Amino acid sequence: MAAEGQNGGDDGMMRIGKRCYVSNLAWKTSWQDLKDKFRECGQVVYANVTRGDDGRSKGWGIVEFENPDEAIAAVNTLNGTDLGGRRIAVREDREDRDVKQSLEGEEGAAAAPRPARAPRGRGRGRGRGPRAPIEGEPSGFQVCVQGIPWKFTFHLF
DNA sequence: GTTGAGCGTT
């Protein structure tokens, strides 16, 4: 039977990359304005604008969505749009604070390497093999080589 | 009424 797809059972691996970093905000822009603006792209669960001591906004804020997909959509949609008379820059969160807090339940030998924001692999390898190799299209994988002896030099063609 | 680099709190 289907093991996934229905039933909103959050087994735990579902809370990642929901927050967005919004910068280049106008000084008059408040967190309510952000929430109202990002509301078009999804359900904003949390919105905050950093302020100084006098209450003046620093020009950047944090917006959290109900789903990570909405956050990505907001970045591609509201990024570079006009808000408060100024062009805002929407970006993904640099750190996953929420993810770390979620994993705090199981500490010890369980060393979580790096969630890395879940690979956006579209389509699952149906049949055998990780993926259907497409000629001329990058697989997305990266290769890291280290430990190269100094006797090796660059060869420019 | 001003200015413009930058990731915050539970």
Side-chain angles (χ1 to χ4, degrees), chain A residues 2-125 130-131 134 137-148 154:
Chain A
E4 57 186 280
Q6 55 185 193
N7 203 355
D10 307 340
D11 285 345
M13 296 272 285
M14 224 172 163
R15 323 174 180 277
I16 44 167
K18 287 176 303 189
R19 290 194 189 144
C20 285
Y21 170 75
V22 190
S23 52
N24 209 33
L25 295 173
W27 311 110
K28 47 195 168 187
T29 306
S30 55
W31 68 271
Q32 293 191 356
D33 294 331
L34 282 179
K35 185 176 150 195
D36 191 41
K37 180 84 178 180
F38 281 70
R39 194 188 283 185
E40 304 174 13
C41 277
Q43 281 189 68
V44 182
V45 186
Y46 182 68
N48 189 21
V49 176
T50 334
R51 310 176 153 222
D53 298 333
D54 286 338
R56 213 151 278 163
S57 61
K58 286 180 192 169
W60 66 273
I62 304 291
V63 180
E64 180 176 329
F65 284 92
E66 181 80 78
N67 299 310
D69 199 46
E70 294 178 341
I72 305 295
V75 176
N76 292 291
T77 306
L78 300 178
N79 184 26
T81 49
D82 184 82
L83 178 58
R86 218 64 172 180
R87 212 88 142 173
I88 63 173
V90 187
R91 241 190 105 131
E92 235 183 322
D93 274 15
R94 204 171 248 206
E95 287 200 35
D96 317 300
R97 296 162 184 259
D98 235 4
V99 180
K100 282 168 191 174
Q101 285 191 353
S102 261
L103 297 175
E104 210 172 313
E106 291 183 56
E107 85 279 333
R114 218 167 257 201
R117 222 152 244 121
R120 280 144 206 171
R122 54 196 73 175
R124 317 193 152 153
R131 201 179 294 157
I134 301 176
E137 230 182 88
S139 60
F141 289 103
Q142 291 185 349
V143 181
C144 183
V145 182
Q146 57 177 326
I148 302 175
F154 292 96

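Residue numbering restarts at 1 for every chain, and letters A, B, ... go by the order of the sequence lines. Computed from a prediction, not measured in an experiment: that's the story for all the values here.
The number of heavy atoms from other shown groups lying within 6.0 Å of NZ (A/K35) does not exceed 12.
Between the P atom of B/dC7 and the CH2 atom of A/W60 lies a distance of 7 Å, rounded to the nearest Å. Put simply, CZ on A/R51 is 19 Å from P on B/dT3, counting in whole angstrom units. When rounded to the nearest whole Å, the span between NZ of A/K58 and P of B/dA5 equals 15 Å. Rounded to an integer number of Å, the gap from A/N24 CG to B/dC7 P is 14 Å. The interatomic distance linking A/D93 (CG) with B/dG8 (C1') rounds to 10 Å, in whole Å. Put simply, NZ on A/K28 is 10 Å from P on B/dG1, counting in whole angstrom units. Put simply, CD1 on A/I88 is 17 Å from C1' on B/dA5, counting in whole angstrom units. Atom pair A/K35:NZ and B/dG8:C1' shows a separation of 18 Å (rounding to whole Å applied).
Here the options are A/V90, A/V49, A/L34, the test is side chain to side chain contact (heavy atoms under 4.5 Å, CB included), and the partner is A/V63; only A/L34 passes.
Each of A/W27 and A/Y46 has a nearest nucleotide on DNA chain B; the 5'-most of these lies closest to A/W27.
Distance from the side chain of A/R86 is smallest for B/dG4 among the nucleotides B/dG8, B/dC7, B/dG4. Closest to the side chain of A/R56, from the set B/dG6, B/dG8, B/dT2, is B/dT2.
A/R91 comes within 4.0 angstrom of nothing in the nucleic acid, heavy atoms only.
Residues A/V45 and A/K18 are not in side-chain contact: their nearest non-hydrogen atoms beyond the backbone lie 4.5 Å or more apart. At a threshold of 4.5 Å between non-hydrogen side-chain atoms, the residues A/I72 and A/E92 count as touching.
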